[in-house]
Amino acid sequence: MFCVAPPELETKMNITKGGLVLFSANSNSSCMELSKKIAEDVNTTIMELLIMVYACKTSCAKSIIGVIPYFPYSKQCKMRKRGSIVSKLLASMMCKAGLTHLITMDLHQKEIQGFFNIPVDNLRASPFLLQYIQEEIPDYRNAVIVAKSPASAKRAQSFAERLRLGIAVIHGEAQDAESDLVDGRHSPPMVRSVAAIHPSLEIPMLIPKEKPPITVVGDVGGRIAIIVDDIIDDVDSFLAAAETLKERGAYKIFVMATHGLLSSDAPRLIEESAIDEVVVTNTIPHEIQKLQCPKIKTVDISMILSEAIRRIHNGESMSYLFRNIGLDDT
């Protein structure tokens, strides 16, 4: 088993901290377990993962199970224009290297499981985040769950239904002070163009989308706004959503996400923003970011990962970890 997991999981699974550990569980040479702390460079970690999985495969390991709480490149799971689907490439590489089972958490799109030809257990962090809301936000009954875009409305609806709260959706985008036509950005004026592949054949171009001015669908006045999403990396969209919610009367703003990448200068931007608290799980180490920004809080999810490993090792059913999860839950 190759385990890329947070430090807390190492303690629960009796794994030595530090470097790579290889041992035989219950004196059974066919069950090898590998553990390694996640490296700063994700590409180095992926390459190490593939090499170790292949080493186990060529050593005739009976099963090789990967525990990857945050599946890298999961945002690149759709084809944009003629770009590549990197998640599919990564899944194929893992299967080809010899992985026989994957345990992960909150994939960016659950359809990513279809990229693999091996069993994938996509665990959920929402029970831990819901528990945090109920225990750490005293007046959470006066809260409203907010989706910062229509794309994340389904996740917000799942949270709202479980907490018996209302929901609000932010739609549109901020408009420039001056019109594009006024500042000369489209000078000379754009004309309707066609792409010709033959002098006698013209293919009409697709009309570009134009988002309306930013609006909030739902009442947030005098309420606590809880923005939910699966990944928080570039915080610009969260900051813009927080400013909009403040203008609409929300007196406290929380941001909750499973994976806290918090790259670049995200901690500084969060500290200077209208956001009161950012709550993420420890699927990705972010101790340095927490030192830079006291608003960042961590929820430990190592318990469910260690339980999944225990159940698979003992041949027990995994269905208990997926109870009360509907088909529409993200």
Side-chain angles (χ1 to χ4, degrees), residues 6 8 69-70 105-108 122-149 151-170 216-233 235 237-239 241-246 248-262 266 270-271 273-284 286 289-290 293-305 307 321-326 328-330:
E8 290 80 358
Y70 170 66
M105 178 163 284
D106 279 348
L107 291 170
H108 185 59
N122 182 28
L123 303 176
R124 303 298 199 275
S126 53
F128 298 90
L129 297 176
L130 291 169
Q131 184 181 23
Y132 184 92
I133 293 174
Q134 292 172 325
E135 295 179 356
E136 301 298 331
I137 303 179
D139 196 19
Y140 83 92
R141 288 295 180 188
N142 188 35
V144 58
I145 306 298
V146 180
K148 68 180 180 66
S149 66
S152 56
K154 189 175 292 186
R155 183 180 300 273
Q157 179 183 357
S158 176
F159 273 70
E161 289 176 352
R162 282 172 167 77
L163 293 170
R164 277 64 172 175
L165 299 176
I167 184 174
V169 180
I170 299 177
V216 178
V217 182
D219 181 22
V220 297
R223 313 280 288 276
I224 300 173
I226 304 176
I227 306 173
V228 296
D229 211 338
D230 61 327
I231 300 174
I232 176 169
D233 183 8
V235 298
S237 59
F238 291 92
L239 301 184
E243 290 295 334
T244 301
L245 293 172
K246 276 290 185 183
R248 300 300 195 279
Y251 72 92
K252 271 190 178 181
I253 299 173
F254 291 80
V255 175
M256 312 201 76
T258 302
H259 309 294
L261 275 68
L262 302 170
I270 293 173
E271 184 66 25
S273 71
I275 298 174
D276 293 282
E277 198 169 283
V278 174
V279 183
V280 293
T281 70
N282 56 345
T283 55
I284 300 173
H286 48 264
Q289 289 89 335
K290 289 179 68 175
C293 178
K295 293 182 179 180
I296 301 173
K297 308 296 180 183
T298 306
V299 175
D300 181 24
I301 48 82
S302 58
M303 184 185 302
I304 191 171
L305 292 174
E307 177 63 15
L321 302 179
F322 294 94
R323 65 193 186 281
N324 298 329
I325 296 178
D328 295 333
D329 286 343
T330 55

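The figures that follow rest on heavy atoms only: side chains count, while hydrogens, waters and symmetry mates do not.
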Might you work through the side chain to side chain contact (heavy atoms under 4.5 Å, CB included) test for Leu123 and Phe322, ending with a clear yes or no? CA-CA 7 Å; Leu123 303 176; Phe322 294 94; 3.7 Å; yes

Partner residues of Lys290 under the side chain to side chain donor-acceptor pair (under 3.5 Å) criterion, sequence neighbours left out: Thr298

Quick one: pull up CG in Asp139 and CZ in Arg223 and give me the separation to the nearest 0.5 Å. 10.0 Å

Rounded at 0.5 Å granularity, tell me how far CE in Met105 sits from CD1 in Ile304. 5.0 Å

Which heavy atom of Ala242 sits nearest to which heavy atom of Ile253, and what is that distance? O-CD1, 3.2 Å

Would you confirm whether Lys295, through its side chain, and Ile270, through its main-chain N or O, come within 3.5 Å as a donor-acceptor pair? yes

Val280 vs His259, test: side chain to side chain contact (heavy atoms under 4.5 Å, CB included). Steps then yes/no. CA-CA 6 Å; Val280 293; His259 309 294; over 6 Å; no

Listed partners of Gln157 passing side-chain contact (heavy atoms from CB on, under 4.5 Å), at least two apart: Glu161, Ile167

For Ala160, does its backbone N or O pair with a side-chain atom of Arg162 as donor and acceptor, under 3.5 Å? no

Polar side-chain atom of Ser158 near backbone of Arg155 as donor-acceptor pair, under 3.5 Å: no

Would you please test Val235 and Val255 for side chain to side chain contact (heavy atoms under 4.5 Å, CB included) and show each step? CA-CA 10 Å; Val235 298; Val255 175; over 6 Å; no

Can you tell me how far the NZ atom of Lys148 sits from the CD1 atom of Ile232, to the nearest 0.5 Å? 9.0 Å

Donor-acceptor check, side chain of Asp106 to backbone of Arg124, threshold 3.5 angstrom: yes or no? no

Smallest heavy-atom separation, Cys293 atom then Glu271 atom, equals SG-OE1, 3.3 Å

Which residues share a side-chain contact (heavy atoms from CB on, under 4.5 Å) with Gln134, sequence neighbours left out: Tyr140, Leu163

Qualifying residues under side chain to side chain donor-acceptor pair (under 3.5 Å), relative to Glu243, sequence neighbours excluded: none

Within the supplied structure, the quantity of interest is the number of heavy atoms (other residues, nucleotides, ligands) at a distance under 6.0 Å from Lys252 NZ; does it exceed 12? no

Identify the two heavy atoms, one from Val299 and one from Phe128, that lie closest to each other, and give their separation to 0.1 Å. CG1-CB, 3.6 Å

If you take all heavy atoms of Val146 and Ala225, which pair is closest and at what distance? CG2-CB, 4.0 Å

Drop me the distance from His108's NE2 to Tyr70's OH, to the nearest 0.5 angstrom. 8.5 Å

Output all residues satisfying side chain to side chain donor-acceptor pair (under 3.5 Å) with Ser149, sequence neighbours left out; order by chain, then residue number. none

side-chain contact (heavy atoms from CB on, under 4.5 Å) involving Ala143 - partner list, sequence neighbours excluded: Leu165, Ile224, Ile226

Minimum heavy-atom distance Ala241-Ile170, with the two atoms named: CB-CD1, 3.5 Å

Measure across Leu261 and Gln289 and return the closest heavy-atom pair with its distance rounded to 0.1 Å. O-NE2, 3.6 Å

Check whether Ser152 reaches the backbone of Ala147 with its side chain - one donor and one acceptor, N or O, closer than 3.5 Å. no

Interatomic distance, Glu277 atom CD to Met256 atom CE [nearest 0.5 angstrom]: 8.0 Å

I need the Ile137 CD1 to Asn142 CG distance, nearest 0.5 Å. 11.5 Å

